[in-house]
Amino acid sequence: MSGSVRLDAWIWAVRVTKTRSAATAACRGGHVKVNGQSAKAAQPVRIGDEVRVRIAGFDRILVVQQLLTKRVGAPLAAAAFEDRTPARPDPVAAQMVPRRDRGAGRPTKRERRELDRLRGRDDER
């Protein structure tokens with residue numbers, strides 16, 4: 001096998017996306033980064049590269065362990081990368097995010113200060 005594989009083919013082969021065209025679209029949309037740089041679909045991927053794929057608002061961080069060009073079964077695909085994705089926040093903590101009612105207008109100065117305090121952005125002037 002060669003020393004590199006197309007990025008979109010690798011993302012599809014390790015089952016990150018359902019189709020290769022979806023992998024290509026993710027690259028085109030800027031949702032894929034290789035070693036911290038935005039990547040095009042045809043960019044070569046090598047063993048040891050870090051691939052970040054944004055799916056459903058969260059980044060999956062994968063380190064390439066094996067180069068694949070063809071889609072393989074889930075156990076073989078899982079062995080082709082090291083998953084360094086941090087754990088997602090639990091749904092209970094995600095619900096605690098304050099939300100304003102739609103159409104409530106801009107917050108007053110007092111409400112803005114309360115929101116900043118709640119978010120941990122105390123202004124110390």
Side-chain angles (χ1 to χ4, degrees):
M1 189 175 270
S2 64
S4 64
V5 174
R6 278 181 62 110
L7 176 61
D8 60 344
W10 187 82
I11 290 172
W12 167 73
V14 297
R15 298 173 168 262
V16 174
T17 59
K18 287 189 176 188
T19 63
R20 183 157 173 198
S21 61
T24 304
C27 292
R28 249 191 237 127
H31 300 290
V32 180
K33 294 185 179 194
V34 176
N35 297 325
Q37 302 292 320
S38 288
K40 293 185 177 181
Q43 179 172 334
V45 178
R46 294 173 177 76
I47 293 175
D49 285 350
E50 180 186 87
V51 178
R52 288 178 179 251
V53 182
R54 180 163 283 273
I55 297 175
F58 292 97
D59 280 348
R60 282 198 66 191
I61 304 168
L62 311 171
V63 177
V64 180
Q65 300 290 326
Q66 183 180 354
L67 300 175
L68 299 174
T69 55
K70 300 287 183 184
R71 196 164 170 99
V72 295
L76 294 174
F81 61 86
E82 176 188 342
D83 196 353
R84 293 188 181 167
T85 306
R88 288 188 181 184
D90 60 336
V92 174
Q95 289 178 353
M96 307 256 327
V97 176
R99 300 231 183 244
R100 286 184 59 82
D101 292 331
R102 188 169 175 85
R106 286 181 63 167
T108 63
K109 192 171 191 177
R110 180 180 180 182
E111 290 171 338
R112 170 48 91 209
R113 286 180 179 154
E114 289 172 357
L115 285 170
D116 285 344
R117 230 176 275 118
L118 186 63
R119 291 180 179 149
R121 292 187 249 163
D122 287 335
D123 195 19
E124 298 174 14
R125 290 183 195 185

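Computed from a predicted structure; not experimentally measured.
- Between the OG1 atom of Thr24 and the CH2 atom of Trp12 there is a distance of 11.0 Å, given to the nearest 0.5 Å.
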Subject >> Steps toward side-chain contact (heavy atoms from CB on, under 4.5 Å) verdict (Leu68, Val14) >> reply: CA-CA 7 Å; Leu68 299 174; Val14 297; 3.9 Å; yes

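- Val32 and Ile61 end up in different hydrophobic clusters when Ile, Leu, Val, Met, Phe, Trp and Tyr side chains are linked at under 4.5 Å.
- Judged as a side chain to side chain contact (heavy atoms under 4.5 Å, CB included), and not counting sequence neighbours, the contacts of Ala9 are Val5, Arg6, Arg20.
- Residues passing the side chain to side chain donor-acceptor pair (under 3.5 Å) test with Glu82, sequence neighbours excluded: Gln65, Arg84.
- With contacts defined as side-chain heavy-atom distances shorter than 4.5 Å, the pair Val64/Phe81 does not qualify.
- Residues satisfying the side chain to side chain contact (heavy atoms under 4.5 Å, CB included) test with Ala104, not counting sequence neighbours, are Arg100, Asp101.
- Qualifying side chain to side chain contact (heavy atoms under 4.5 Å, CB included) partners for Ala22, counting only residues two or more places apart in sequence or in other chains: Thr17, Thr19.
- Atoms CD and CG, from Gln43 and Asp8 in turn, are 11.0 Å apart once rounded to the nearest 0.5 Å.
- Taking the side chain as every heavy atom from C-beta outward, Val16 and Leu62 approach each other to under 4.5 Å.
- Scanning for side chain to side chain contact (heavy atoms under 4.5 Å, CB included) contacts around Arg46 gives Ser4, Pro44, Asp49, with sequence neighbours left out.
- Between Gly48 and Val63, the shortest heavy-atom distance links the atoms O-CG1, 4.0 Å.
- Annotation: side chain to side chain donor-acceptor pair (under 3.5 Å) contacts of Arg71 (sequence neighbours excluded): none.
- Looking at residues two or more places apart in sequence or on another chain, you find no salt bridge (charged side-chain N to carboxylate O under 4.0 Å, His left out) involving Arg28.
- Here the closest non-hydrogen pair linking Arg60 and Thr85 is CA-OG1, 3.4 Å.
- Judged purely by atom type and a 3.5 angstrom limit, Glu111 uses its side chain to pair as donor or acceptor with the backbone of Thr108.
- Annotation: side chain to side chain donor-acceptor pair (under 3.5 Å) contacts of Arg54 (sequence neighbours excluded): Asp59.
- For Arg110, the salt bridge (charged side-chain N to carboxylate O under 4.0 Å, His left out) partners at least two apart in sequence or on another chain are Glu114.
- Across Ala79 and Gln66, no two heavy atoms sit closer than the pair O-OE1, 4.1 Å.
- For Glu50, the side chain to side chain donor-acceptor pair (under 3.5 Å) partners at least two apart in sequence or on another chain are Arg52.
- Ile55 and Val45 fall within the same hydrophobic cluster, defined by Ile, Leu, Val, Met, Phe, Trp and Tyr side-chain heavy atoms under 4.5 Å apart, directly or through other members.
- Closest non-hydrogen pair, Arg112 versus Pro107, comes out as N-CB, 4.2 Å.
- Across all non-hydrogen atoms, the minimal contact from Ile11 to Cys27 is CD1-SG, 4.4 Å.
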